[in-house]
Amino acid sequence: MSELPKAYEPQAVEAKWYAAWMDGKCFEADPASAKEGYSIVIPPPNVTGILHLGHVLNNALQDILARRARQLGKEVLWLPGTDHAGIATQTKVERQLRDEEGVGRRDLGREEFLKRVWEWKEKHGGIIIQQLKRLGCSCDWSRERFTMDAAYSQWVSQVFVDLFKQGLIHRGKRMVNWCPVSLTALSDEEVIMTPQRSKLYTMRYELADAPGEFIEISTTRPETLMGDSAVAVNPKDPRYTKYVGRKVKRPFPPAEIPIIADEHVDLEFGTGALKITPAHDKADFEIGLRHGLEMIDVLHPDGRIHCPACPDLDGLDRFVARKMAVARLDEMGLLLKVEEYDNNVGFSERAHVPIEPRISMQWFLKYPCVQQAADAVANGDIKFRPERWAKTYAHWMENLQDWCISRQLWWGHQIPVWYRKDKFAALRDAEALDMHDLTAGDIHVGVDPPADPANWLRDEDVMDTWFSSWLWPFATMAQVGEDSPALKKFYPTSDLVTGPDIIFFWVARMIMAGFQFAGGLPFKNVYFTTIIRDLQGRKMSKSLGNSPDPVDLMEKYGADGLRFGLMRIAPVGSDVRFDETSVEEGRNFANKLYNACRFRQMAGEGGSAGVLEQGQLPPYHLDIIAKLDALAAGLEESYTEYRFGEIAQRLYEFLWSEFCDKFLEAVKLDLRESATPEARAATLGTFDAVMSRYLQLMSPYMPHITEELSARMGYVRDGEFLMQQVLPAAPLLTVDASNAQAHAAAIYEAAGRMRNLKAEYKMGSRKDLRFVIKSAPAWLAAESKVLALLVGAAEIRLDSAYEAVKGTPAAVTPLGEVYMPLEGLIDVAAERLRLTKEIERIGLEVKKCEGKLGNASFVERAPPEVVVQETARLDEWHAKLQQLGEMLAALT
RNA sequence: GCGCGGUUAGCUCAGUGGUAGAGCACCUCCCUGACACGGAGGGGGUCAUAGGUUCGAACCCUAUAUCGCGCACCA
């Protein structure tokens, strides 16, 4: 044992133990182990990412699960890694190149640009990994993966090829969500519908065969009218039946377009007539297909208008063009009204701009194993917590659309498809060729390039990042075709911990991939974390500046403090509002734990468990031992239910309210020098038995401090680690403690009542009071000294014959009636009154003041306006009065 | 529009049929030999509203209000 400083200083301790665990290879998983396997794969953070509180919550939970599993004797694999995060990373590096070198990616060319991204990744990519280590994460770092590792990329290509061969992947020209900033297609999930305050424009088109007669149309997007190829009305709409089949004049560029009838049109909305722009609206696209309409593309990929026939609009940004188009309509006398209008607009998840529905050639996946994946959750093979997310999942699975998996980016897994050079030009330039236009000899789909690469060109697109992430649970454990021991031991994984915001992006897709490629479900339990918000309820975000840096918090409060604080407020249900004070509480709790152990160390050596038979131990000992067993059982139950906040709360209450506030206070007498060696040894023995087990129970939540204290207190042998000790199944208590617990409870409660009595009579801090207990139980005689210590009394007298004088303060306690006789002491109330009057008599004012009496002067100003602070302690009143007298004498 | 979740002390949240809880904040006292990142005591809530079921409801049921989140959208 060694000396401990007064307050716990986590920083050095945490770094020391993390290094020791790494040296000891404590986190490494052995697939050959005979122990039962337990595994988690980390939700790979973006390689560009830096740690935020969401990561902390998420990874602390995984660490707790992993550490707990080790304590239960399992062979644990927590597999870490990072995600290449296509758009995010490419954007970041492009921005840096533009800022620092003034070049774009096309200036560099694909090969050079990718080289630069890799360089950037090697240099800055590991930040979040270091931060996870700082947090104490017990990942098997020897198995760290990256979604663009060679072996992992092999999986991605292989999966693409397999799905293609099964006919589930195909290429086609379809309406997709296009991001005009990132210049790529996006999946439906990457589009965020956002309420907007926009305008609804009502305009009129003139009928071609009846000049002066108009049809009125409402639109929110007048800038695309150059792409109109029809006007549609509902076939059931009597107002418009006479128009169907006729033509109207499109204002610009001038053209005559048909009026068609389509069920899709809502009679109630606007004028009931809808302009059809098949190339720039999803619904219009469908209508266009049904009616064989011309698809007129009037937008460049970057969102500028492409319409040489309208020179004043051509080349303008879409939002500038909107105003211009409206102005032109107005000039032409075709604009009828403009109304304020609330609607939802799809925004790009990454670039935060409105997406543009756009027809383009892309690769699509028809999801595999949908039914199996849906059933697995519905029938409980995969259990979601909280359970309600299962409904969200089921709903999504029922309404699956094909997944657009191609991205017009460079950073990512390039699509493993090659085209014959001569056909490729046509494909690319016209964007007209469908897969069906290519014969088998024109296209090569394979993990490896064609044998005569000179004659082929590779598809330039890469795959959606999630198309690699969905393979994560197994592609991290085995190479393609490998008979992997890790996979055998650790797949399917045990628990997945992630946010509900990626239930579609990731969780659902992993389940489908698991069935399709790994022969079964990828995990058994999914624990969905809560979203962390600030005190105003806003999502944490960099731009709002409301997201505290977890590393700063760890420097200030320690990783253990941060972990514990966050766990205590992480609810099972809804979102959590984060406040730094919760981390402060975590730090304070660590300090409390530390000081309890420090107290033990100051009591010195001696004492080992079992000096006394448990049957002979005082009630406080048996009580705390029983409560520790209850704690262990309670934690077991809470872990089974994944109730992490409850676990933290139980741990907190045991140490603070039971162990420190009650047990430690009750046994202090036995650690004084006056105590018998036997009592002292028994006390130290109980302390060690309970504390060593408690530290172990605490270890998953606060791994560093528990490891430190266990080592310092000698609870763990040199060269061993607390985190590797298996939690004993047997309870500590071996005898019936019900009597002892009843006695201890009675004493603690009585002590509370008696302290309350003291406080009521303004004698809370006096230690010289004597209490009398009437009709006390016989066993109390042995404990009266302890009770006196707990109460802060000079003596507790047990006297069944006691007759209290009238007016003696009294309280009913589980130990019988308690009296606090004041004979022999001063009559506090009366004496205080007398002194107050005396002070007022000599012309001073008695005033209540804030602050500490001991430090502040009782005379704030010189006479005649001398002010005296009120105090509860009579001896101080006397002293003040005396000093006042002296002062007054000096002044007069 | 459909679905989900919340509404409990000033704040953040526990509490799924039996006399309302924690931490922080607040008030009083105390730097007593583990801890002021602490100790002792205290004040504070008609559990969103209205009905209903029940001997008994914060909890179960039905509405309503309100906040948040998904999904789907009519230009």
Side-chain angles (χ1 to χ4, degrees), chain A residues 4 6-8 188 193 200-202 217-222 224 231-232 264-277 281-284 287 341 343-344 346 386 388-389 391-392 395-396 399 500-501 503-504 530-531 533 535 537 539 557-558 561 565 568-582 584-603 643 645-646 649 652-653 656-657 660-661 664-665 668 671-672 751-752 755-760 762-767 789-792 848 850 852-855 871-873:
Chain A
L4 293 165
K6 193 168 175 179
Y8 179 56
D188 295 342
M193 296 307 285
L200 183 65
Y201 305 90
T202 303
I217 299 160
S218 293
T219 183
T220 52
R221 301 210 58 191
T224 61
V231 168
H264 170 80
V265 182
D266 184 346
L267 286 79
E268 307 294 320
F269 189 88
T271 63
L274 173 63
K275 78 185 194 69
I276 304 299
T277 322
D281 182 279
K282 205 166 186 179
D284 290 6
I287 294 173
Y341 180 63
N343 65 344
N344 283 324
R388 60 191 155 85
W389 293 112
K391 204 166 176 176
T392 307
H395 184 255
W396 189 75
N399 296 285
D501 50 331
I503 188 169
F504 308 137
T530 55
I531 292 173
R533 300 174 177 281
L535 282 177
K539 230 171 163 170
Y557 302 108
R568 273 189 86 202
I569 59 165
V572 197
S574 54
D575 297 348
V576 60
R577 294 181 184 223
F578 176 80
D579 184 359
E580 192 170 319
T581 58
S582 54
E584 197 179 328
E585 283 170 37
R587 186 269 316 258
N588 293 352
F589 182 62
N591 191 56
K592 187 76 178 176
L593 177 59
Y594 170 85
N595 272 294
C597 291
R598 186 163 161 266
F599 175 59
R600 160 71 182 86
Q601 284 196 285
M602 290 170 83
R643 298 168 75 100
E646 189 175 88
Q649 198 54 33
Y652 186 94
E653 274 171 10
W656 209 303
S657 307
C660 292
D661 289 352
L664 276 193
E665 294 304 324
K668 272 181 177 171
L671 294 177
R672 294 207 174 140
R755 285 190 294 234
N756 174 291
L757 207 55
K758 283 172 68 182
E760 264 182 47
K762 298 249 180 234
M763 292 191 278
S765 45
R766 288 183 66 145
K767 301 285 186 198
L789 182 74
L790 290 174
V791 173
K848 281 197 166 189
E850 308 251 329
K852 293 205 168 187
L853 292 170
N855 300 336
T871 173
R873 293 183 50 169

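All values below come from the heavy atoms of this structure, side chains included, with hydrogens, waters and symmetry mates left out. Within every chain, numbering begins at 1; the chains are lettered A, B, ... in the order of the sequence lines, protein sequences first and strands thereafter. Everything numeric in this text was worked out from a predicted model, so none of it was measured.
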Specify whether A:Tyr341 and A:Phe269 have parallel, tilted or perpendicular ring planes, treating 30° as the upper limit for parallel and 60° as the lower limit for perpendicular. perpendicular

Send over the distance from A:Gln601 CD to B:G33 P, rounded to a whole Å. 19 Å

From the options B:U32, B:A22, B:C35, select the nucleotide whose nearest atom is closest to the side chain of A:Gln649. B:A22

Among the nucleotides B:G15, B:C35, B:A75, whichever has the atom closest to the side chain of A:Val265 is B:A75

Quick one: on RNA chain B, does A:Ala590 or A:Leu200 contact a more 5' nucleotide (nearest heavy atom)? A:Ala590

What's A:Ser218 touching, base or sugar-phosphate or nothing? Going by heavy atoms closer than 4.0 Å. base

Need one value for A:Leu664: base, sugar-phosphate or nothing, where a base atom within 4.0 Å counts as base even if backbone is also close, heavy atoms only. base

Looking at B:A14, which nucleotide sits across from it as a Watson-Crick or G-U wobble partner, both distances under 3.5 angstrom, or is there none? none

Rounded to whole angstrom, note down the P distance from B:A63 over to B:G5. 14 Å

Determine the contact category for A:Lys275: base if any of its heavy atoms lies under 4.0 Å from a base atom, sugar-phosphate if only primed atoms, P, OP1 or OP2 are that close, otherwise nothing. nothing

In whole Å, what is the span from the CG atom of A:Asn588 to the P atom of B:G38? 4 Å

Under 4.0 angstrom, heavy atoms only, what part of the nucleic acid is A:Tyr341 near: base, sugar-phosphate, or nothing? sugar-phosphate

So, is A:His264 close to the B:C74 phosphate, meaning a side-chain N or O under 4.0 Å from OP1 or OP2? yes

Between B:C35, B:A75, B:G15, which nucleotide has the shortest distance from any of its atoms to the side chain of A:Arg643? B:G15

Testing the basics here: between A:Lys275 and A:Ile217, what is the closest heavy-atom pair and its distance to 0.1 Å? N-CG2, 3.7 Å

Determine the contact category for A:Asp661: base if any of its heavy atoms lies under 4.0 Å from a base atom, sugar-phosphate if only primed atoms, P, OP1 or OP2 are that close, otherwise nothing. sugar-phosphate

Considering only the P atoms, how many Å lie between B:C27 and B:G44, rounded to the nearest integer? 16 Å

Can you see which heavy atom on A:Thr220 is nearest to which on A:Tyr201, and at what distance? O-CE1, 4.2 Å

Nucleotide paired to B:U19 in any strand shown, Watson-Crick or G-U, under 3.5 Å: none

With distance as the sole test, does A:Lys758 use its side chain to make a donor-acceptor pair with the main-chain N or O of A:Gly792 at under 3.5 Å? yes

Would you say B:G41 has OP1 or OP2 under 4.0 Å from some side-chain N or O of A:Arg755? yes

Of the listed nucleotides (B:U32, B:C71, B:G23), which one gets closest to any side-chain atom of A:Glu585? B:G23

Nearest whole Å is fine: how far is B:A14 P from A:Glu646 CD? 12 Å

Could you state the atom-to-atom distance from CD of A:Glu665 to P of B:G39 in whole Å? 9 Å

In the structure shown, which nucleotide is the Watson-Crick or G-U wobble counterpart of B:G38, with both distances under 3.5 Å? B:C30

Give none if B:G56 has no partner; otherwise give the nucleotide forming a Watson-Crick or G-U wobble pair with it, both distances under 3.5 Å. none

Pairwise C1' distance, B:U49 and B:C13 [rounded to whole Å]: 22 Å

Test A:Thr202 against A:Ser218 for side-chain hydrogen bond (donor to acceptor under 3.5 Å, both in side chains), laying out the working first. CA-CA 4 Å; A:Thr202 303; A:Ser218 293; 3.1 Å; yes

Selected nucleotide, minimal atom distance to A:Phe599 side chain, candidates B:A75, B:G70, B:A34: B:A34

B:A58 to B:C31 separation - P atoms, rounded to the nearest Å: 44 Å

Using the P atom as the reference point in each nucleotide, state the distance between B:U62 and B:G3 in Å, no decimals. 13 Å

For B:C74, the nucleotide meeting Watson-Crick or G-U wobble distances (both under 3.5 Å) is none

Answer yes or no for A:Lys6 and A:Tyr594: cation-pi contact, defined as NZ/CZ to six-membered ring centre under 6.0 Å and angle to ring axis within 45°. no

Considering only the C1' atoms, how many Å lie between B:U12 and B:C26, rounded to the nearest integer? 16 Å

Ignoring hydrogens and geometry beyond distance, is a side-chain donor-acceptor pair present between A:Tyr557 and A:Glu580 at under 3.5 Å? yes

When rounded to whole Å, the CD1 to P distance for the pair A:Ile287 and B:A75 reads 12 Å

I need the CD-C1' distance between A:Glu584 and B:C35, as an integer number of Å. 15 Å

What are the two closest non-hydrogen atoms of A:Ala283 and A:His264, and how far apart are they? CB-NE2, 3.6 Å

Passing candidate, side-chain contact (heavy atoms from CB on, under 4.5 Å) with A:Leu274, options A:Val231, A:Val265, A:Thr219: A:Val265

Starting at CZ of A:Phe269 and ending at C1' of B:G1, how long is that distance when rounded to a whole Å? 15 Å

Does a side-chain N or O of A:Trp656 approach OP1 or OP2 of B:G38 to a distance below 4.0 Å, or not? no

Below 4.0 Å: OP1/OP2 of B:A34 and any side-chain N or O of A:Lys668: yes

A:Arg388 has its side chain closest, among B:A75, B:C37, B:G5, to B:G5

Rounded distance (Å) that lies between atom P of B:G39 and atom CG of A:Asn591: 10 Å

Counting only Watson-Crick or G-U wobble pairs whose two distances fall under 3.5 Å, which nucleotide matches B:A9? none

From B:C4, B:G39, B:C37, nucleotide with atom closest to A:Lys391 side chain: B:C4

Nearest to the A:Arg672 side chain among B:A36, B:G70, B:G33, which nucleotide is it? B:G33

Base paired to B:U62 (Watson-Crick or G-U; both N/O distances under 3.5 angstrom): B:A50

For the side chain of A:Thr220, starting at C-beta, report the closest nucleotide among B:G38, B:C4, B:A75. B:A75

B:A25 versus B:G68 - spacing of their P atoms, nearest Å: 29 Å

A:Asn399 side-chain N/O to B:A72 phosphate OP1/OP2 under 4.0 Å: no

Heavy atoms from C-beta onward define the side chain here; which of B:C37, B:A34, B:A40 lies closest to that of A:Ala7? B:C37

Same-atom distance (P) from B:C74 to B:A14, integer angstrom: 38 Å

Tell me which of A:Thr392 and A:Ala283 sits closer to the 5' end of RNA chain B, going by the nucleotide each one is nearest to. A:Thr392

Is B:G3 paired to anything, Watson-Crick or G-U wobble with both distances less than 3.5 Å, and if yes, which nucleotide? B:C69

